[in-house]
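This report refers to the structure that appears directly beneath it.
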There are 2 protein chains.
Amino acid sequence: MTSAGEVRVLLVDDHPVVRAGLRAMLAGFEGIAIAAEASDGRAALKELDRLSALGEPPDVVLMDLQMGEGMDGVTATAEIRKLSAPPPVLILTTYDTDADILAAVEAGASGYMLKDAPPEQLRQAVLQAAAGGTVLAPRAAALLMDRVSNPGTSLTPREVQLLELLATGLSNRAIAKQLFVSEATVKTHLVHIYGKLGVDNRTAAIAAATQRRIIRPPGANG
Amino acid sequence: MTSAGEVRVLLVDDHPVVRAGLRAMLAGFEGIAIAAEASDGRAALKELDRLSALGEPPDVVLMDLQMGEGMDGVTATAEIRKLSAPPPVLILTTYDTDADILAAVEAGASGYMLKDAPPEQLRQAVLQAAAGGTVLAPRAAALLMDRVSNPGTSLTPREVQLLELLATGLSNRAIAKQLFVSEATVKTHLVHIYGKLGVDNRTAAIAAATQRRIIRPPGANG
DNA sequence: CGGCGGATCAATCAAATGGTTGACTCTGGA
DNA sequence: TCCAGAGTCAACCATTTGATTGATCCGCCG
């Protein structure tokens with residue numbers, strides 16, 4: 001909290017509607033104020049710069065992960081963390097998939113909340129993050145716990161690479177050619193992948209991997 | 001417009017933040033008022049019932065398609081259209097995939113707008129829909145135009161539906177069960193789909209369909 | 001050093017998928 | 001009315017994929 005007892009928030013979301021909602025919601029809370037808004041990561045960095053120059057840096061950045069255009073939330077978070085005396089970044093997003101959460105945490109976010117959280121919970125999260133605390137949505141917390149307890153379940157880089165080719169619609173033979181290995185090798189990898197993802201065919205593997213954001217859906221932007 | 005010169009809107013969205021945003025945004029417009037809010041399709045129908053009983057039905061329903069729990073937007077739209085003297089339903093959603101657009105139009109929506117639309121555009125859309133007009137996002141309009149001009153090239157609603165199940169990783173047999181048809185029928189559809197998309201296997205079909213935004217990548221929910 | 005896990009390959013068999021042809025019904029439009 | 005297109009189903013066969021087992025090579029770590 002600042003000396004004035006007000007937590008100043010920088011909103012980053014590409015949807016005008018969502019920004020309006022957060023603005024209305026947060027402004028209605030005691031002790032929280034909107035410092036500025038941005039519609040993508042690049043703009044957020046600019047705003048941060050501007051506010052710092054004015055000697056009024058925000059106490060917390062409320063950041064969406066999915067951004068239609070411009071710099072995405074993960075990149076923006078990482079960039080912000082590179083600054084000197086960076087403000088805590090609280091992720092507020094729609095999805096709670098493994099890779100989203102992992103990517104956010106790795107980028108240096110201090111919290112991960114979902115947009116469907118009730119207002120009061122959101123308020124608490126903002127205050128906690130601003131105070132230097134960590135705040136995680138239940139799923140996010142569970143995922144991180146699971147990661148440290150049994151790390152053997154995650155895919156190897158090679159397997160991820162295979163999944164990416166798989167998702168483009170290539171056959172085993174085509175994948176084998178691309179990777180300069182035999183078709184047998186591709187099959188072996190696939191079996192391992194199926195086991196780790198808990199599926200039993202390639203389309204399900206793509207679906208699962210996409211869902212967990214292990215891979216990016218073809219033609220995805222943001 | 002009503003005799004009072006006010007367009008009364010029923011908001012349907014499962015996210016408190018989005019509802020707050022729409023509320024703030026619409027309430028700020030001249031001639032638009034919020035009649036009621038609902039967090040899912042079922043609740044929307046109830047609200048509609050209640051308002052009608054009061055003799056104050058809304059002039060337009062602003063509906064999200066993706067709803068985390070409860071009745072989804074497409075079903076709700078279809079249900080609303082079954083009522084006597086149903087209000088126009090304006091879809092306001094995050095995605096502009098063929099599948100979403102087609103489903104909404106088939107359900108009887110009078111408009112399809114995206115959440116990232118600028119406020120002024122949203123205002124216009126609400127007024128137009130309330131006045132009995134049709135309002136479409138650019139991509140939605142283009143899709144429908146394409147539909148009528150060359151119906152042979154584009155996928156049929158049934159084929160799109162199949163693609164969606166395909167993308168979730170289901171086998172032909174599983175898809176057949178879901179759709180209450182035989183496996184042979186599924187195969188026939190798939191062959192047609194492959195032909196139209198210019199591919200020769202299911203994973204490539206998923207990739208192509210995702211890329212062309214015919215379907216939403218698996219795992220993209222509310 | 002010894003072992004473990006990742007990556008590679010082979011062979012085999014069962015199952016699923018893909019390709020083809022032909023046919024029936026129904027609906028909407030020329 | 002007649003036809004085109006959508007949706008449905010069947011039978012058949014070639015190809016691909018999945019499952020299993022077992023093996024070699026290599027780099028890293030205790």
Side-chain angles (χ1 to χ4, degrees), chain A residues 147 149-209 214, chain B residues 98-99 102-103 105-108 143-209 214-215:
Chain A
R147 280 274 145 170
S149 58
N150 47 337
T153 333
S154 51
L155 297 169
T156 69
R158 190 60 159 175
E159 287 164 352
V160 172
Q161 188 182 10
L162 222 128
L163 264 174
E164 285 174 333
L165 294 177
L166 196 66
T168 66
L170 297 179
S171 68
N172 288 347
R173 188 169 302 166
I175 294 173
K177 275 185 188 170
Q178 283 257 331
L179 297 182
F180 302 105
V181 299
S182 79
E183 209 175 321
T185 301
V186 172
K187 285 186 178 185
T188 304
H189 282 309
L190 284 183
V191 170
H192 293 159
I193 291 171
Y194 297 158
K196 288 180 180 178
L197 294 181
V199 300
D200 62 354
N201 66 62
R202 54 176 54 211
T203 53
I206 295 173
I214 291 168
Chain B
D98 289 17
L102 285 179
V105 171
E106 271 172 30
L143 171 65
L144 296 183
M145 297 277 286
D146 180 71
R147 280 268 140 174
V148 296
S149 59
N150 47 341
T153 332
S154 48
L155 297 170
T156 67
R158 190 60 156 175
E159 286 164 351
V160 172
Q161 188 182 11
L162 222 125
L163 263 173
E164 285 177 322
L165 295 178
L166 196 67
T168 67
L170 296 180
S171 69
N172 288 347
R173 187 168 303 166
I175 293 173
K177 275 186 188 169
Q178 283 254 330
L179 298 182
F180 300 106
V181 298
S182 78
E183 208 175 322
T185 301
V186 173
K187 283 187 178 184
T188 304
H189 282 308
L190 283 183
V191 170
H192 293 159
I193 290 171
Y194 296 159
K196 288 180 180 178
L197 293 182
V199 301
D200 62 353
N201 66 63
R202 53 177 51 210
T203 54
I206 295 173
I214 292 170
I215 57 171

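Protein chains get the first letters and strands the later ones, always in sequence-line order, with residue 1 at the start of each.
- As a whole-Å value, the separation of B/Leu170 CG from C/dA16 C1' is 14 Å.
- Looking at B/Ile214 and B/Leu197, their side chains come closer than 4.5 Å, going by heavy atoms from C-beta outward.
- A heavy atom closer than 4.0 Å to some atom of DNA chain D occurs in A/Lys187, these being the qualifying members of residues 174-187 of chain A.
- Across the protein-nucleic acid pair, A/His192 atom NE2 and D/dT21 atom C1' stand 12 Å apart, rounded to whole Å.
- Of the candidates D/dT8, D/dT17, C/dG18, the closest approach to any side-chain atom of A/Arg202 belongs to D/dT17.
- When all heavy atoms are compared, the tightest approach of A/Ile206 to A/Ala167 is CD1-CA, 3.7 Å.
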> Would A/Glu159 and A/Lys196 count as a side chain to side chain contact (heavy atoms under 4.5 Å, CB included) if you check the C-alpha gap in whole Å, the side-chain angles of each, and the deciding distance to 0.1 Å?
Replying inline: CA-CA 10 Å; A/Glu159 287 164 352; A/Lys196 288 180 180 178; 3.0 Å; yes
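- Looking at B/Leu166 and B/Leu190, their side chains come closer than 4.5 Å, going by heavy atoms from C-beta outward.
- Scanning for side-chain hydrogen bond (donor to acceptor under 3.5 Å, both in side chains) contacts around A/Thr203 gives A/Asn201, with sequence neighbours left out.
- Note that the CD1 atom of B/Ile175 and the CZ atom of B/Arg202 stand 5.5 Å from one another [nearest 0.5 Å].
- The distance between atom CZ of A/Arg173 and atom P of C/dG18, rounded to the nearest whole Å, is 15 Å.
- We find that CG of B/Leu190 is positioned 15 Å from P of D/dT17, with the value rounded to whole Å.
- Among the nucleotides D/dG7, C/dT8, C/dG18, the one closest to any side-chain atom of A/Thr188 is C/dT8.
- Projected onto DNA chain D by closest heavy-atom contact, B/Asn201 and B/Glu159 fall at different nucleotides, the more 5' of which corresponds to B/Glu159.
- Rounded to an integer number of Å, the gap from A/Asn172 CG to C/dT8 P is 14 Å.
- Listed pair A/His189 / C/dT8 meets the phosphate criterion, a side-chain N or O lying under 4.0 Å from OP1 or OP2.
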> Yes or no on side chain to side chain contact (heavy atoms under 4.5 Å, CB included) for B/Val186 and B/Leu165, after CA distance, side-chain angles and deciding distance?
Replying inline: CA-CA 11 Å; B/Val186 173; B/Leu165 295 178; over 6 Å; no
>> Walk me through whether B/Asp200 and B/Tyr194 qualify under side chain to side chain contact (heavy atoms under 4.5 Å, CB included).
In response: CA-CA 6 Å; B/Asp200 62 353; B/Tyr194 296 159; 5.7 Å; no
Mind listing the side-chain donor-acceptor pairs of residues 176-183 of chain B below 3.5 Å, one per line with the distance, residues two or more places apart or on another chain?
residue	atom	partner	partner atom	Å
B/Ser182	OG	B/Ala184	N	3.2
B/Ser182	OG	B/Thr185	N	3.2
B/Ser182	OG	B/Thr185	OG1	3.3
B/Glu183	OE1	B/Arg173	NE	3.4

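- Rounded to whole angstrom, the span from the NZ atom of B/Lys196 across to the P atom of C/dG18 amounts to 17 Å.
- Axis angle between the ends of the helix from C/dC1-D/dG30 to C/dA30-D/dT1, five pairs each and rounded to 10 degrees, works out to 40°.
- Between A/Tyr194 and D/dG18 there is a side-chain N or O to OP1 or OP2 distance below 4.0 Å.
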